Amino acid sequence: MSSRRLIIASERSKLDPFVVATGDASPRDQRDLMERPFFSLAKARRTAPILYETGDVRVEVYAVPEHGMATIWDADVLIWAASQIVEAEDLGFKTSRFLRFTPYQLLTSIGRQTGARDYKLLKGALARLQSTVIRTTIRNGEHWRRHQFSWINEWEECTTRDGRVEGMEFVLPDWFYRGVIDRSLVLAIDPAYFRLTGGIERWLYRVARKHAGRQPKGWLFEIAHLHEKSGSLAKLPDFAFDLRRIAARQPLPGYRLRIERNGRRELLRILPAGLSTGPVDIAVDGVGTSGVPTIGTSGVRVSGLRECKPQLTLWPETAIPGLNLESNLESNSCSWPSHSADNRVPTAASRPNLPNRQPSLPLSRKPGGKK
């Protein structure tokens, strides 16, 4: 019986909790998640696996029929968690994979509403993140070939007697956590990202941020290569049509898109817009509008975390750091000297000498209250 207790013991019992104080933090994304197909781009339930391989990099994503695969909207939870961890590390606080927070903090930080339906959708997102299984060779150790995990190991909610959610806890996988505390594997993103409503345009922004960065000549992709890289279930002609419509609307904050042709090859050029020579903590300028209608060519139904309405985010205007001169060997065409994505250049993070203390969690704060 004692051995059984050891097997089923909660992982949280072995970790010190990282208590999120306010939820406000500059949004950061993990590089590996930005350039490989880890999430479904459709709001309809997806159970078909993602199988992607290039060179020695392999990504496999599997879903269970009950919940479906984690979507790119569900990934907002991981972006939020990464942002909190990086912010706390910068301030000298101790962090861990075990996060304790209020759902109000998370929802408002990613631009969502805080009604009863939104809390229900958040729990659906956590269920998909936990049930989705990932196998990958990315960042494998010297003697290890493949790592298998879920985006969330376990999660739990604290409720009042009348059923109102007052607090939440979840445990992140070690693979994701190590990719966040290594600052060379994290990039700042524009807060306007959370106002992008289409799955393909959300994925395209992350690709733009990772590859084009702030390079004056941008980055050039063959559309067929982007289709493979996205893991989308759409047929190539439909996917290309979606990209043309997105390029016509220009919804990506800080980037412009241009369709080019080279013989029979159709290409997409991603160009940074409004480059700034100021400090790296200045946010990029937004391009186009954020509340655009969905592109509507995927034929998917609305499900999962719903698209967020245009509204101000609680994050301060944040920055996209300077020139992103690294690229990826998977990219088949570019206008800048290529560098391997595995040759990471760590960035020095200045941390003030603050007391080593944990902020307290305002569990008494009522979700759904006034912001």
Side-chain angles (χ1 to χ4, degrees), residues 11 15 18 20 25-39 50 52-61 70-72 74-90 93-99 106 110 126 129-130 132-155 170-189 193 202-203 205-211 213 229 231 318 320-321 324 326-330 339-349 351:
E11 190 175 6
L15 298 170
F18 165 44
V20 177
S26 302
R28 274 95 166 190
D29 207 348
Q30 209 282 324
R31 288 176 184 262
D32 297 318
L33 275 60
M34 298 171 77
E35 60 177 322
R36 273 101 180 194
F38 281 108
F39 303 98
I50 294 175
Y52 174 78
E53 187 170 10
T54 177
D56 60 349
V57 172
R58 183 173 178 85
V59 173
E60 304 173 23
V61 185
T71 71
I72 199 164
D74 300 337
D76 289 357
V77 174
L78 300 178
I79 294 175
W80 177 83
S83 306
Q84 300 303 321
I85 292 170
V86 171
E87 188 83 1
E89 292 274 343
D90 284 349
F93 293 116
K94 182 180 178 181
T95 64
S96 79
R97 298 186 291 116
F98 174 19
L99 274 71
L106 192 159
I110 61 176
L126 294 175
L129 289 167
Q130 184 181 22
T132 299
V133 176
I134 300 94
R135 297 175 188 166
T136 182
T137 59
I138 299 174
R139 288 190 273 121
N140 57 314
E142 180 181 356
H143 302 293
W144 299 91
R145 294 180 58 85
R146 188 169 302 176
H147 199 111
Q148 179 171 316
F149 57 92
S150 294
W151 293 122
I152 289 179
N153 290 359
E154 59 176 289
W155 65 278
F170 61 60
V171 178
L172 297 169
D174 184 65
W175 184 91
F176 178 78
Y177 181 72
R178 285 187 286 109
V180 170
I181 60 177
D182 183 347
R183 295 299 298 275
S184 68
L185 299 178
V186 177
L187 287 174
I189 62 174
Y193 165 80
R202 276 176 159 246
W203 170 79
Y205 172 82
R206 300 172 88 183
V207 171
R209 177 66 190 99
K210 170 62 181 67
H211 288 282
K229 196 177 179 72
T318 56
I320 288 183
N324 176 25
E326 83 287 351
S327 63
N328 191 309
L329 292 179
E330 302 169 35
H339 301 267
S340 171
D342 296 326
N343 294 333
R344 313 293 186 187
V345 181
T347 58
R351 300 179 180 174

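Since we're looking at a predicted model, the values are computed, not measured.
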**Student:** Under 4.0 Å between a side-chain nitrogen and a carboxylate oxygen: does that hold for Asp182 and Arg31?
**Tutor:** no

**Student:** Which heavy atom in Ala188 sits nearest to a heavy atom in Arg28, and how many Å separate them?
**Tutor:** CA-CG, 4.1 Å

**Student:** Taking the inter-plane angle between the rings of Trp151 and Phe38 on a 0 to 90° scale, is it parallel (under 30°), tilted (30 to 60°) or perpendicular (over 60°)?
**Tutor:**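 Answer is perpendicular, since the angle exceeds 60°.
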
**Student:** Look up atom CZ in Arg36 and atom CD1 in Ile50, then write down how far apart they are to the nearest 0.5 Å.
**Tutor:**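 Rounded to the nearest 0.5 Å, the CZ-CD1 separation comes out at 14.0 Å.
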
**Student:** Show the numbers, then the answer: is there a side-chain contact (heavy atoms from CB on, under 4.5 Å) between Asp32 and Trp175?
**Tutor:** CA-CA 11 Å; Asp32 297 318; Trp175 184 91; 4.0 Å; yes

**Student:** In Å, rounded to the nearest 0.5 Å, how long is the span from CD1 of Ile189 to OG of Ser83?
**Tutor:**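 Here the interatomic distance stands at 6.5 Å.
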
**Student:** Verify side-chain contact (heavy atoms from CB on, under 4.5 Å) between Leu172 and Leu78, making sure each step is shown before the conclusion.
**Tutor:** CA-CA 9 Å; Leu172 297 169; Leu78 300 178; 4.1 Å; yes

**Student:** Please find the pair of heavy atoms, one from Leu99 and one from Ile85, that lie closest to each other, and give the distance.
**Tutor:** CD1-CD1, 4.4 Å

**Student:** How many angstroms lie between atom CZ of Phe93 and atom CZ of Phe18, to the nearest 0.5 angstrom?
**Tutor:** 9.0 Å

**Student:** CE of Met34 to OH of Tyr205: how many Å apart, nearest 0.5 Å?
**Tutor:** 6.5 Å

**Student:** Here's one to test your reading of the geometry: is the NZ or CZ of Arg202 within 45 degrees of the ring axis of Tyr193 and under 6.0 Å from its centre?
**Tutor:**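 Arg202 over Tyr193 ring: yes.
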
**Student:** Rounded to the nearest 0.5 Å, what separates atom CG in Leu33 from atom CD1 in Ile79?
**Tutor:**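 Between Leu33 CG and Ile79 CD1, I get 8.5 Å after rounding to 0.5 Å.
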
**Student:** Using modelled atom types and a 3.5 Å cut-off, is there a donor and acceptor pairing between side-chain atoms of Thr136 and backbone atoms of Val59?
**Tutor:** no

**Student:** Using salt bridge (charged side-chain N to carboxylate O under 4.0 Å, His left out) as the criterion, point out the one residue from Arg135, Lys229, Arg58 that pairs with Glu53.
**Tutor:**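 With Glu53 as partner, salt bridge (charged side-chain N to carboxylate O under 4.0 Å, His left out) holds for just one option, Arg58.
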
**Student:** Quick one: list whatever passes side-chain contact (heavy atoms from CB on, under 4.5 Å) with Ser150, sequence neighbours left out.
**Tutor:** Val133

**Student:** Run the salt-bridge test on Arg183 and Glu89 with the 4.0 Å N-O cut-off and return the result as yes or no.
**Tutor:** no

**Student:** On a heavy-atom basis, which atom in Thr132 and which in Ile134 lie closest, and how many Å separate them?
**Tutor:**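 Taking every non-hydrogen atom into account, O-CD1, 3.8 Å.
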
**Student:** Which atom names give the shortest non-hydrogen contact between Thr95 and Ala88, and what distance separates them?
**Tutor:**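 In terms of heavy atoms, the two residues are closest at CG2-CB, 3.6 Å.
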
**Student:** In Å, rounded to the nearest 0.5 Å, how long is the span from CG of Leu126 to CG of Leu129?
**Tutor:** 6.5 Å

**Student:** Starting from the C-alpha separation in whole Å, work towards a yes-or-no answer on side-chain contact (heavy atoms from CB on, under 4.5 Å) for Asp56 and Thr137.
**Tutor:** CA-CA 7 Å; Asp56 60 349; Thr137 59; 5.7 Å; no

**Student:** Side-chain contact test, heavy atoms from C-beta onward, threshold under 4.5 Å: evaluate it for Gln148 versus Glu60 and give yes or no.
**Tutor:** no

**Student:** Taking all non-hydrogen atoms of both residues, which atom of Val186 and which atom of Val180 are closest, and how far apart?
**Tutor:**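 Closest heavy-atom pair between Val186 and Val180: CG2-O, 3.3 Å.
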
**Student:** Salt-bridge test for Arg206 and Asp29: reply yes if a basic N is under 4.0 Å from a carboxylate O, no otherwise.
**Tutor:** yes

**Student:** Taking all heavy atoms of Leu15 and all of Phe98, pick out the closest pair and write down the distance.
**Tutor:** O-CD2, 3.6 Å

